[in-house]
Number of protein chains: 2
Amino acid sequence: MIAAPQVSPFTPPRRTLMGPGPSDVYPEVLLAQARPTVGHLDPLFVAMMDELKALLQYAFQTQNEMTMAVSAPGSAGMETCFVNLVEPGDKVIVCRNGVFGERMRQNVVRCRGEAVVLDFDWGKPVDPAVVEAALKEHPDARFLAFVHAETSTGALSDAQTLCRLAREHDCLSIVDAVTSLGGVELRVDDWGIDAIYSGSQKCLSCVPGLSPVSFGPRAVAKLKARGTEVQSWFLDQTLVMGYWSGAGKRAYHHTAPVNALYALHESLRLLANEGLENAWQRHAAMHQELRAGLERLGLEFVVAEAHRLPQLNAVYIPTGVEDAAVRNRLLQNYNLEIGAGLGALAGKAWRIGLMGYGARRENVALCLKAMEEVLR
Amino acid sequence: MIAAPQVSPFTPPRRTLMGPGPSDVYPEVLLAQARPTVGHLDPLFVAMMDELKALLQYAFQTQNEMTMAVSAPGSAGMETCFVNLVEPGDKVIVCRNGVFGERMRQNVVRCRGEAVVLDFDWGKPVDPAVVEAALKEHPDARFLAFVHAETSTGALSDAQTLCRLAREHDCLSIVDAVTSLGGVELRVDDWGIDAIYSGSQKCLSCVPGLSPVSFGPRAVAKLKARGTEVQSWFLDQTLVMGYWSGAGKRAYHHTAPVNALYALHESLRLLANEGLENAWQRHAAMHQELRAGLERLGLEFVVAEAHRLPQLNAVYIPTGVEDAAVRNRLLQNYNLEIGAGLGALAGKAWRIGLMGYGARRENVALCLKAMEEVLR
């Protein structure tokens, strides 16, 4: 026998999470998770799932029937959209203005689709004029894929305009809303978004590990018209919806992450109680306070004001300041986590999150005071 | 705006879970989950992940470096094994003696592998003689895939012999240990298992949503020698291990399900404290008590004694007894969940789980008394 390792219970520190996610989780959500596990086909549990679906529809502002949470993190939500919709040979226009646009391209290639990549500077939004030109140049394109809120840079793109353009050119839109859902205006039905995914651990302030997803009628029609089998069994929406669908008997597909779904239910309930528009307003207001303070410290934003995400503030690291040392001191001395730069911004920027429950005045104050002291 | 639904906090009932999983979760595990969320790159968190890896290696009885937990349920663990190892055109011998063998076949097909299916009666183990003949008949086969403990029937197959045969015929073995890990003898290194996956919600008595996976040296070599890209970005082990590998700096791949990993750490720690062999013995002893009581009630087992899983007891529904009515009365009157039959056994059998924390004398007593009363 290989001997048993001697391990003590893990006691995590109490951090204030102001990175790019996971964000600070609502205390109510942590406790909801600790409620007793029930079976994934228990009638009381499936009734909760019906509520969860309605709460997701509210958060996305959609009446899409195919709205649910993938039993895995946001990257699996992204893959759910691509593997279900993109068939081999399908042409997809992919907008790349950060790490997650590149991840979309990876998904297209792995589905054996054809990716037409439009590159935009990191920190800039997707330019609708460039997208329109590409849609005209590629009349055979089937999809337009872009990131609404680029977590790697803090840039917000105009999802409403981009989805309108997609529709005008007979393309389906696939939208990454991992960081936008709950933090900035997002209206799936009004904007005509065809397929969208998000994550539990950003502006919903739930624990990481789940990915809300919604498919509109045009996406469902594309899925139903497939000539090939979805390459992932686990992410096959047709099978998954046999379990998530409220109509009639639920069919076992995989064992749902019961306790994580308790947590998502609770976080969405708190969002519904606050009201989506109030939550958007709170993120905007906290961003203004943080912005004013960061500028007083002489820090410059990566993204121009008009396209800046309130919930993800990327600022350049001042010349001569050591990236990791600053973040380590914030963590060690203040239990405060801020995010490192990612991809092209690694070592050049910090990412300060104000997401969900984390978008509070006390967090802004802590962050500004701690930054002031470590940068002194 | 679509109006916010009015939803109350969800208060699940306190069930005793004696179905096919999720099993009763250790109270310590539920509480571990409620500990404060930290960042997935926090130095204290990644130190916990190193412990978690050592605990998984202990549970699997392996020194495999590529041992980790997939951030999604067991079905995604299954898919991890197939998408990383099986390339288009690879021939895979799939043993099918229940629902999960069929799911393996689905995975092979979706990876564009060639599945050679060997069928065995439901409730019977995989017959090594049939497998040996197939290995001889298909010298070009690259893999042998089978389920160690069939959750749909309660049959235990001889993984040691099957993996030896695979090796003798130059095949890699892919083993489903979703229900076996922690409940019956399983020795990955001694038995020469090449790739294996399990689930958190069976004999580990953790919350559902994670899938322990381990790849041995031959599987890693096959993965490294691939000529094609892994079709799933989310499950690409080469990328995932950049985050799970203890050596050097951890690279971000996806946001780990932090709180669920606290739970898995705690459940594996409890298993290590008990000792694997003691846990196996406890499952066997509780099974004997349950078996004696079920037989006194006149219930017959689906699986012959020699191949019966202690942790999953499938018994035929007596003639004239209404399946759903009995399960509903157990649930309503005793808060006791037992499992329905699945696939070929739907409506014909019940599945009574004795898994992990659920394999206790008080559960056996409750189950026997409640069954006696509802069957009276």
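Sequence lines set the chain letters: A, B, ... in the order given, protein chains first and strands last, and positions in each chain run from 1. Any value given below was found using the heavy atoms of this structure, including those in side chains, with hydrogens, waters and symmetry copies removed.
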Legend entry - Pairs touching residues 13-34 of chain A that satisfy salt bridge (charged side-chain N to carboxylate O under 4.0 Å, His left out), sequence neighbours left out: A:Arg15-B:Asp42, A:Asp24-A:Arg360
Inset, instruction - Counting only heavy atoms closer than 4.5 Å, note whether B:Val7 contacts chain A via side chain, backbone, both or neither. - result: both
Inset, instruction - Side chain from CB out, backbone as N, CA, C, O: work out which of these in B:Ser8 comes under 4.5 Å of a heavy atom of chain A, or both, or neither. - result: backbone
Inset, instruction - Could you walk me through whether B:Gln63 and A:Ile2 pass side chain to side chain contact (heavy atoms under 4.5 Å, CB included), step by step? - result: CA-CA 8 Å; B:Gln63 297 186 331; A:Ile2 292 172; 3.8 Å; yes
Legend entry - Part of B:Leu52 within contact of chain A (heavy atom distance under 4.5 Å): neither
Legend entry - Spatial distance of atom CD (A:Gln106) from atom CD (B:Glu229) [nearest 0.5 Å]: 5.5 Å
Legend entry - Contacting region of B:Leu342 [heavy-atom separation from chain A under 4.5 Å]: side chain
Legend entry - Set of side-chain contact (heavy atoms from CB on, under 4.5 Å) partners for B:Thr11, sequence neighbours left out: none
Inset, instruction - Examine whether an atom of B:Met78 lies under 4.5 Å from a heavy atom of chain A, and if so say whether it belongs to the side chain, the backbone or both; otherwise answer neither. - result: neither
Inset, instruction - Please look at B:Leu44 and chain A and tell me whether the side chain, the backbone, both or neither of the residue comes under 4.5 angstrom of a heavy atom of that chain. - result: both
Inset, instruction - Let me know if B:Thr62 has heavy atoms under 4.5 Å from chain A in its side chain, its backbone, both or neither. - result: backbone
Inset, instruction - Counting only heavy atoms closer than 4.5 Å, note whether B:His265 contacts chain A via side chain, backbone, both or neither. - result: side chain
Legend entry - Side-chain touch B:Pro5/A:Leu55, heavy atoms, less than 4.5 angstrom: yes
Legend entry - Max heavy-atom pair count under 4.5 Å with chain B, selected residue of A:Glu337, A:His254, A:Arg269: A:Arg269
Inset, instruction - Applying side chain to side chain contact (heavy atoms under 4.5 Å, CB included), run through A:Val207 and B:Val258 and close with a yes or a no. - result: CA-CA 7 Å; A:Val207 292; B:Val258 172; over 6 Å; no
Legend entry - For A:Glu79, side-chain contact (heavy atoms from CB on, under 4.5 Å) partners two or more places apart: A:Val83, A:Asn107, A:Leu235, B:Ser232, B:Trp233, B:Phe234
Inset, instruction - Pick one of side chain, backbone, both or neither for B:Glu266, based on which atoms fall under 4.5 Å of a heavy atom in chain A. - result: side chain
Inset, instruction - Sort A:Ala340 into side chain, backbone, both or neither according to what part of it lies under 4.5 angstrom from a heavy atom of chain B. - result: neither
Legend entry - Toward chain A, the part of B:Ala263 with a non-hydrogen atom under 4.5 Å: neither
Inset, instruction - Tabulate, in ascending numerical order, the residues of residues 31-38 of chain A having at least one heavy atom closer than 4.5 Å to a heavy atom of chain B, or enter 'none'. - result: A:Gln33, A:Ala34, A:Arg35, A:Pro36, A:Thr37, A:Val38
